[in-house]
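We use all heavy atoms of the structure for the numbers below, so side chains are in, but hydrogens, waters and symmetry mates are not.
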Number of protein chains: 2
Amino acid sequence: MADKRYRIGEFSKLVGLSAYTLRYYEDQGLILSQRDDNGVRYYVAEDIRWVGFILHLKGTGMQLNDLKRYVKLRAEGDTTIAERRQLLQRVKDNAEAEIAEQQMHLKVLGHKIDWYDGKTAHTIDDSESFHDYLQRFQD
Amino acid sequence: MADKRYRIGEFSKLVGLSAYTLRYYEDQGLILSQRDDNGVRYYVAEDIRWVGFILHLKGTGMQLNDLKRYVKLRAEGDTTIAERRQLLQRVKDNAEAEIAEQQMHLKVLGHKIDWYDGKTAHTIDDSESFHDYLQRFQD
DNA sequence: AAACACCTTAGAGTGTACTCTAAGGCAAGC
DNA sequence: GCTTGCCTTAGAGTACACTCTAAGGTGTTT
């Protein structure tokens, strides 16, 4: 495996981030790239995995600031593992709380859709407001 | 029930939106308010429920634009019920897809935390990278 | 030799949803 | 009579994460 080199255009398609964003992330310290003899960026397989992991973190709602802090800690070596773990745990707890809240809101939205269906099918009395209807599901 | 009137300051605390935001939402057509003899806004119990519902929709990730469209349709009367239902269904599908994605990302984040724990407790071999470790959970 | 892909710095622009200020004014309560 | 809370319009500011342009350049491919 002669460690294939990907230039920014190819890498961009590979990871699904624009070249702009890749340079921006590099500026921000999230990504590193190597350079060939002409100063042109290139990336290797390892970088695909790293960007992939960053995208997992971003996908949980982790913000750039926290991501930067995480990357900084990582660069400081194994002594920061506990701190990194803690940071990720906080992000995880946060994300889970947000999902729980969203699901609660979705429940109401689902009831509203059902209510429309009931009205349309006349299986819900014309006089029953959505607010009254919702009361039926107080659990 | 002499329909208690809430002025914007009190209402703001009640629904958890700043007075600025309430006026902004009114500008945007999401909320209506009534006025007393001096032109001062007031809200009634029904408005609490309406704002509550709006917050449920917002909480699912529905954007202001869609919210505006929804409110506009609502104002057009019963003939738009099918369209409203469709709009809400789209929002619901979207939200559910987003949650599913977030949960997928959260899974990886969870594994990373476990991996840190394994490293710290030395139950994961020093030589095993996170990427290798992750392979164990390919389901 | 032209087209193409890349490089740089610095800064402007985009979208979303607020959030606040300025500058004027009215009405009720202490 | 002063403070407090409200009113208006219009516009500026904030936060986040990009996204793009300008204006110059290098090196490779057709």
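A/Trp50 places a side-chain N or O within 3.5 Å of a backbone atom of A/Leu30 that can act as its donor or acceptor partner.
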For residues 54-65 of chain A, tabulate all N or O donor-acceptor pairs below 3.5 Å that involve a side-chain atom, not counting sequence neighbours.
from    : atom 1 : to       : atom 2 : distance (Å)
A/His56 : ND1    : B/His105 : ND1    : 2.9
A/Thr60 : OG1    : A/Leu57  : O      : 2.6

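A/Gln34 places its CD atom 17 Å from the P atom of C/dC6, with the value rounded to the nearest Å. Between the C1' atom of D/dC18 and the NZ atom of A/Lys68 lies a distance of 12 Å, rounded to the nearest Å.
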Applying ring pair (Phe, Tyr, Trp, His ring centres under 6.0 Å) to A/Phe130 and A/Tyr116, what does each step give before you reach the verdict? CA-CA 9 Å; A/Phe130 175 60; A/Tyr116 279 142; 8.1 Å; no
Under the side-chain contact (heavy atoms from CB on, under 4.5 Å) rule, what do A/Val40 and A/Arg35 come out as? Steps first, then yes or no, please. CA-CA 5 Å; A/Val40 173; A/Arg35 303 303 175 106; over 6 Å; no
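Pairs passing the salt bridge (charged side-chain N to carboxylate O under 4.0 Å, His left out) check and including a residue from residues 115-137 of chain A, sequence neighbours excluded, read A/Asp117-B/Arg85, A/Glu128-A/Arg136. For the side-chain hydrogen bond (donor to acceptor under 3.5 Å, both in side chains) condition, the pairs that include at least one residue of residues 8-17 of chain A, sequence neighbours left out, are A/Lys4-A/Glu10.
A search for side-chain hydrogen bond (donor to acceptor under 3.5 Å, both in side chains) contacts involving A/Gln103 returns nothing, not counting sequence neighbours. Scanning for side-chain hydrogen bond (donor to acceptor under 3.5 Å, both in side chains) contacts around B/Asp78 gives an empty result, with sequence neighbours left out. Residues that satisfy the ring pair (Phe, Tyr, Trp, His ring centres under 6.0 Å) test with A/Phe11, not counting sequence neighbours, are A/Tyr43. With sequence neighbours left out, the side-chain hydrogen bond (donor to acceptor under 3.5 Å, both in side chains) criterion links B/Glu101 to no other residue.
End-to-end axis angle of the helix from C/dA1-D/dT30 to C/dC30-D/dG1, from C1' rotation axes over five pairs per end: 10° (rounded to 10 degrees).
By the 4.0 Å N-to-carboxylate-O rule, B/Arg49 lies close enough to B/Glu46 to be salt-bridged with it.
Of the residues in residues 36-66 of chain B, those lying under 4.0 Å from DNA chain C by heavy-atom distance are B/Asn38, B/Lys58, B/Gln63, B/Leu64. Residues of residues 6-24 of chain B that place a heavy atom closer than 4.0 Å to DNA chain D, in numerical order, are B/Arg7, B/Ile8, B/Gly9, B/Arg23.
The aromatic rings of A/Phe137 and A/Tyr133 sit perpendicular to each other, their planes meeting at more than 60°, with 30° as the lower class boundary.
Side-chain N/O atoms of A/Tyr25 include none lying less than 4.0 angstrom from OP1 or OP2 on D/dA17. Remark: A/Arg35 is in phosphate contact with C/dT8, judged by side-chain N or O atoms under 4.0 Å from OP1 or OP2.
As a member of the Ile/Leu/Val/Met/Phe/Trp/Tyr network built from side-chain separations under 4.5 Å, A/Val44 groups with A/Tyr42.
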How does each nucleotide of nucleotides 9-15 of chain C score, in 5' to 3' order, for protein heavy atoms under 4.0 Å: base (B), sugar-phosphate only (S), or none (-)? -------
